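Both ligands and their constituent atoms are indexed starting at 1 by order of listing. Keep in mind that what you see is a predicted model, and the values were worked out from it rather than measured.
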Amino acid sequence: MTKIIIASDHGGFKLKNIIINYLKDNNIDIDDLGCYNEDSCDYPIYAEKVAKKVLESGDRGILVCGTGIGMSIAANRFKGIRASHCTDTFSARMARMHNNSNILCLGERITGSGLALDIVNIWLNTEFEGGRHQKRIEML
Ligand code: RB5
C-alpha cells in the first residue's frame, strides 16, 4: 500500500481524523496536509495541496469536506487527477475498477463514519481493471 495523502476543510475535519486513526491502526502511512483545527477555511486550498502531491508522488489521496462535492470539483481541475466523490461502497469499488480513481472525496455531513470507513477500505483495496478502461481514462 502506498502512502495516503489526506486533507480536509473545517467541514470535514472530524471525519478526516477518524479516517487518519483508521489508516494508522491498519499500518498505512499518511501525510496530513491540514486543516489542523475547525476554524473556517477554504476547501480549494486543501484540494490543490493534495492534488499536486498525488501527481508528484504517485500516491493516492483522500479529501473530506462537508459534502465531498467542493473537494471533488476542485481536485478534478488538475490534469491527471481522477477524484471520485463516493457516498456508497459500490461507487467506491467502481471508482477504482473502472476509473482508477486516485483521490477519494467524502462528505462528513453526508456519510456517517461507519459507512465512510467501509468506503475507504474498499477504495483502498480494489485494483484498477485496466483493459478497455485504460483507453478511456487516457481520453480524459
Ligand atoms: C463548508 O461550509 C462547506 O461548504 C464545505 O465543507 C463543502 O461542503 C463544500 O463543498
Are any of the N or O atoms of Tyr43 closer than 3.5 Å to those of ligand 1?
no

Within one Ile-Leu-Val-Met-Phe-Trp-Tyr cluster: Ile28 and Leu117, side-chain cutoff 4.5 Å:
yes

Pairs where residues 38-94 contributes a residue and the test ring pair (Phe, Tyr, Trp, His ring centres under 6.0 Å) is met, not counting sequence neighbours
none

What are the atoms of ligand 1, with element, lying closer than 4.0 Å to any heavy atom of Cys65?
6 (O), 7 (C), 8 (O), 9 (C), 10 (O)

Applying a strict under-4.5 Å side-chain criterion to I, L, V, M, F, W and Y, I'd like to know whether Leu63 and Ile20 cluster together.
no

So which protein heavy atom does atom 8 (O) of ligand 1 come closest to, and at what separation?
Thr67 N, 3.0 Å

Do we see a donor-acceptor contact under 3.5 Å between the side chains of Asn17 and Asn21?
no

May I ask whether atom 6 (O) of ligand 1 is less than 4.0 Å from at least one protein heavy atom?
yes

May I ask you to identify, for Asp9, whether its side chain, its backbone, both or neither come under 4.0 Å of ligand 1 on a heavy-atom basis?
side chain

Using side-chain heavy atoms (C-beta onward) and a distance below 4.5 Å, is Ser91 in contact with Thr89?
no

Close approach of His10 to ligand 1, heavy atoms, under 4.0 angstrom:
yes

pair Ile5-Ile103: side-chain heavy atoms closer than 4.5 Å
no

Residue, atom name and distance, where the atom is the protein heavy atom closest to atom 10 (O) of ligand 1
Gly70 N, 2.9 Å

Nitrogen or oxygen atoms of Gly66 and ligand 1 under 3.5 Å apart
yes

Ligand-residue contact atoms, ligand 1 with Arg109, heavy atoms, under 4.0 Å:
1 (C), 2 (O), 3 (C)

Between Val54 and Ile6, is there shared hydrophobic-cluster membership here, with clusters defined by ILVMFWY side-chain heavy atoms closer than 4.5 Å?
no

